[in-house]
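As the structure is a prediction and not an experimental result, all values here were calculated from the model.
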Amino acid sequence: MEIIRNKPLVSIVLPAFNEEAILVNNLSQICKYTTEFENNYDWEIIFVDDGSLDKTGELAEEFKLNCPMLKVIHHPVNLNLGNALKTGFSHANGHFTITMDFDLSYAPYHIGRILKTLESTKADVVIASPYMKGGKVTGVPFIRRIMSRWVNRFMRIAAQEKFHTYTGMVRGYRTEFLKSLNLKTKDYEINPEILYKAMILRARIIEIPAHLDWTEQNKLGLKRTSGMRVLKTFFSGMMAGFIFRPYIFFLSMGVLLFLVSFYIIGWIFINTFHIMATIQIDPAFFDDRFSKALGLVFKQRPHAFFVGGITLVLAIQILSLGFLSLQSKRYFEELFHINTSILKGSNLRDQ
């Protein structure tokens, strides 16, 4: 293999919580994989122990003695995935940053595929997606698999982008770009947040097929995410969809209510004009005939007036919220552009 001088440094960020059962094996697999490319890249592995309650931190420190590329960072308490990733990003010094699920449900070979794509396409973000054409899911419980697919499909509709996986953590980044995003989320929503802010900045985002495989973890009999946590992740993902196009949800609901009110009010007017044709008033002024016909319709169907009026008012209010959220989103995107430019300028001056 040709040896490349001035090899780029690659940072692998591994957040972990209570992973003592698989720690030594999985760190060994990652370290072994990186040695296959040691002539092409320099490596640093940033292991973030997110307040584990077992021996995860101790085992990681022991492993570090025989793996100089490994950095171990400890959170004193569990601060959740978003904060663990942000800690890892802040310690990343590489030209590229790769994030991996520590359970290796995405095998280490995805690291090489992501790096190859980052370099060949000059992308800012590369997403490993099991849900796109060519991707594959193995061994994941049916309910969890269906919920994950639908959350990502929902986000795809909300974002109006072609990507298939918004919640997945296995990705590659240009580190300089990643550090310019000023991330705020504390938990699972950090992955959609990264994509949302990357889209605002018109970043080059590439999605590649991946294989999500729980076979080995299921053989070990490890306790995976509990039912309550799966539901929490599902609803967090659904809520995260609002960050992409919040106004779509307001406008859709507002239009739906407006159509309901239009149907009811239209029915009221049609029946009013039918009754007007049968009313004989002398003198036959239009307003007298119309008001009398309207009163007869109200006497027959008073609920139609209440339902039609309430839905019309709600439709107007929700549509107004939609336009306000659209305006707020545009303000946010403009401010985010400005703040990112200021941050980049500040970083350049500091260098």
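By the 4.0 Å N-to-carboxylate-O rule, K184 lies too far from E193 to be salt-bridged with it.
In M276, the CE atom is crowded: over 12 heavy atoms of neighbouring residues, nucleotides or ligands sit closer than 6.0 Å. For F273, the CZ atom sits in a packed shell: over 12 heavy atoms of surrounding residues, nucleotides or ligands are nearer than 6.0 Å.
Side-chain polar atoms of H95 and R174 form no donor-acceptor pair below 3.5 angstrom. Checking T215 against T138 by side-chain atom types alone, no donor-acceptor pair falls below 3.5 Å. Donor-acceptor pairing under 3.5 Å is lacking for the side chains of N25 and S28.
In this structure, the side chain of D50 engages the main chain of N80 through a donor-acceptor pair within 3.5 Å. Counting only distance, with no hydrogens or angles, the side chain of S11 and the backbone of A92 share no donor-acceptor pair below 3.5 Å.
With hydrophobic clusters built from ILVMFWY side chains whose heavy atoms lie under 4.5 angstrom apart, F262 does not share a cluster with F306. Two different hydrophobic clusters hold L79 and F89 under the rule that ILVMFWY side chains link at heavy-atom gaps under 4.5 Å. I268 and I270 are members of different hydrophobic clusters when ILVMFWY side chains are connected at heavy-atom separations under 4.5 Å.
Aromatic pair F47/F102: centroids less than 6.0 angstrom apart.
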Could you go step by step and tell me if E20 and T56 meet the side-chain hydrogen bond (donor to acceptor under 3.5 Å, both in side chains) rule?
CA-CA 5 Å; E20 66 175 1; T56 295; 5.8 Å; no
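When each of F163, Y131, Y166 is paired with R156, the side-chain contact (heavy atoms from CB on, under 4.5 Å) condition holds for Y166 and for no other.
Taken to the nearest 0.5 Å, the CG atom of N78 stands 7.5 Å off from the CG atom of L53. If you take OG1 on T165 and CG on N152, they are separated by 5.0 Å, rounding to the nearest 0.5 Å.
By the 4.5 Å heavy-atom criterion applied to side chains, E216 and L104 are not counted as neighbours.
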